[in-house]
Amino acid sequence: MGKVRASVQAEGIVQGVGFRPFVYDLAHRHGLAGWVFNDARGVQIEIEGSDEHVAAFLSALSSPPPLAIVERTQVRYTAPAGYTGFEIRKSVGGEERLTLISPDMALCEECRQELFDPQDRRFRYPFINCTNCGPRFTIIEDIPYDRAKTTMAPFEMCPDCSREYHDPLNRRFHAQPNACPTCGPQVQLLDNTGAEVKCDDPIGETLCLLKEGKIVAVKGLGGFHLACDAANEGAVSLLRGRKYREDKPFALMCRDVGVVEGICVLDDASRTLLQSKERSIVILPRRPDAEVAGSVAPGQGTLGVMLPYTPLHHLLFSDGLASLVMTSGNMSDEPIAYEDAEARERLGGIADFFLVHNREIRTRCDDSVVKPFRGEATFLRRARGYVPFPIRLPQGGPSVLACGAELKNTFCLTKGDYAFLSHHIGDLENYETMRSFEEGIELIRRLFQIEPEAVVYDLHPDYLATRFALKYAGEQGVPKIGVQHHFAHALSCMAEHGLAGPALAVVMDGTGYGEDGTVWGGEFLEVTLKNYTRLGHLRTIPLPGGDRAAKEPWRMAAVYLDRIYGRIEKVDIPFTRGLDRGQWSTLREAIAAGINSPLCSSTGRLFAAVSALIGVRGMINYEGQAAIELEQMADQGESGEYPPDIIQDNGCFILDPDPVIEAVVKAIKKGEEPSAISARFHNSVARGIVQMAIKMREQTGLSNIILSGGVFQNHLLMGRTWDLLEGEDFQVYIHHKVPPNDGCIALGQAFHAIALQDS
Ligand code: ZN
Ligand code: ZN
Ligand code: FE
């Protein structure tokens, strides 16, 4: 039996996740000698022993501990060095820092058992964690990732914790947030004036308050939640009133999967998503008889549900409560509060009490939101649990900073072929969000030592992200690269799938800056990594009042009717009868005079128009509400369609929805069911997309097609479109790693910039 020595270089998420103890243990089990240590690139290992055992060791390396992700391994064989034992050596710092950092992860099963074990020294300790679970991204300040560079720095480990921390065979070996009741963070219950509520058991007291119907602001991993008993209608509607949140659904946290089963329809895929270590909010179909207060999600056929992910959450469910509303700790559209003082100030008028603790949150990070589509996750929001894990690009290149779009902003920094897409920053419309954006960029830059060699921006001159990008590029003296919004949408999907193009792309979106002076949002493109051609688009229509039109779907319904019938008065349906004629005629004059009424090809606005026409929503309280409610009311079994037209204009294909609108009006006049009309409308848009796709294929010979844009958060539309496209032998690509909404823009921008620079 020959003796061999193998040197292994492992890269990926391999530090602070129990990787060295795992290697140590593995080496011992296979009777191998050698060493392991962390360096700036990841983990270095040398092992020496029989070739059989070395081979077994190497193959076992591919199933590392839960939080570790081995991205690359390189193995070299050399002459045996005569090692005698196996040791964990001291870490070696280095110039090049490429070590990845783990996202925050849900409490693991072993820690959960200890949490509820009366014999354990961490019995009911709300900050229990180990190398397989706990806070990471939200507490880190700099690298190398160790305790001193996190918000755990002020807590000195007690001898017991320290022993665990230094024992390679312990589950808490180098678990940076390791703590116990003796040495770690503590919770505190405050009233809404900030005064401490004196009690022995703040969590037990909180439970009582929640059961009494009180609203408690709970400090979590990435920010504060506002919590109340989800079964208590009084508490939930009080929360709505105080938060000034009319009807946008609240997320729920349920005790366990059994509770979720009682209120939602679950399949295997959604069960897996719920229980994943990322613990996202999962959007699920609700049971009609679900025992949840009516004002949790008024008028919704779905509920957003997550399972407890911190030990503190688990404790909140330890005594009778089944589900809690757990909504972001903020006022309407502001970002989530995450600093104690700030939270007390901003949430003081909403929460009756505050359950806080003295472990600081360094970076605000919202809950991720996912929705299963045919057994796989699609994102509505990518944040906690996923960030800062990078998306691997099919090719590397110079480092770039891509600043993203305005709404649902994320930014992206790249290094080599890693794209670090940021957590959901939010809508860049106030100082707080802008601060998160700028601090986020600095943090990611520092953590991964990225010096951007170019800055990428959306063409919209008024986006704050764009203004920041241009200023930043100027300050840093690096080139700036503009990318059209819908091109960026398509590129982000290509980045996910490693597509180099050319490909067709259908981007059904709200609005984005077009290159011809109109507002785009229903785009049919031919794309490569470097360029795109606009082969077609949805027929344009004035956007009366610009951005106001997005908040008032009735305006869109009115302009469509006006275009089709000449005068709205000619159309006798409930929508026109209820219309404020005075307001409309003012708008109509403004449109005629070309005042604040840019032409747009937005699909989002088309959905809003139909929603208003059917009488679902003339005004909205949150983004996308009209379309969401239109989708939810649709009769899934209805297969009828109202065919749209395709017009050829100067070599450009124009999808004309007017015949569809006419058919909708006729159906309304006939008194047909809104659920059937809505379904037929969805089917018609899907049909229109596929007819356009066929034209594009005839012109280009391409049959791989990308679906992106916020409108594809509508899974009824996505499903119908997907089926029709596949029926026509298209190869369809959709988003699975990033959202189809503007949260994907930065990734697409970055991918483009890299592709441009490598030629
Ligand atoms: Zn654990
Ligand atoms: Zn301790
Ligand atoms: Fe968009």
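Whatever order the structure lists them in is the order used to number ligands and atoms, beginning at 1.
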The angle formed at the Fe ion (ligand 3) by NE2 of His489 and OD1 of Asp742 is about (to 10 degrees) 90°

Do the side chains of Val387 and Pro103 get nearer than 4.5 Å, heavy atoms only? no

Rounded to 10°, how big is the angle at the Zn ion (ligand 1) from Cys108 SG to Cys133 SG? 120°

Taking the six-membered ring for Trp, is the centroid-to-centroid distance between His166 and Phe173 below 6.0 Å? no

Does NZ or CZ of Arg384 lie under 6.0 Å from the centre of the six-membered ring of Tyr309, at an angle within 45° of the ring axis? yes

Angle subtended at the Fe ion (ligand 3) by NE2 of His485 and OD2 of Asp509, nearest 10°: 100°

Strictly under 2.8 Å, is the Fe ion (ligand 3) approached by any N, O or S atom of His486? no

Hey, could you give me the CD1/CD distance between Ile128 and Glu110, rounded to the nearest 0.5 Å? 10.5 Å

Run Cys744 and Gln749 through side-chain contact (heavy atoms from CB on, under 4.5 Å) and show every step you take. CA-CA 9 Å; Cys744 78; Gln749 291 174 338; over 6 Å; no

SG (Cys180) to the Zn ion (ligand 2) to SG (Cys183): angle, nearest 10 degrees? 120°

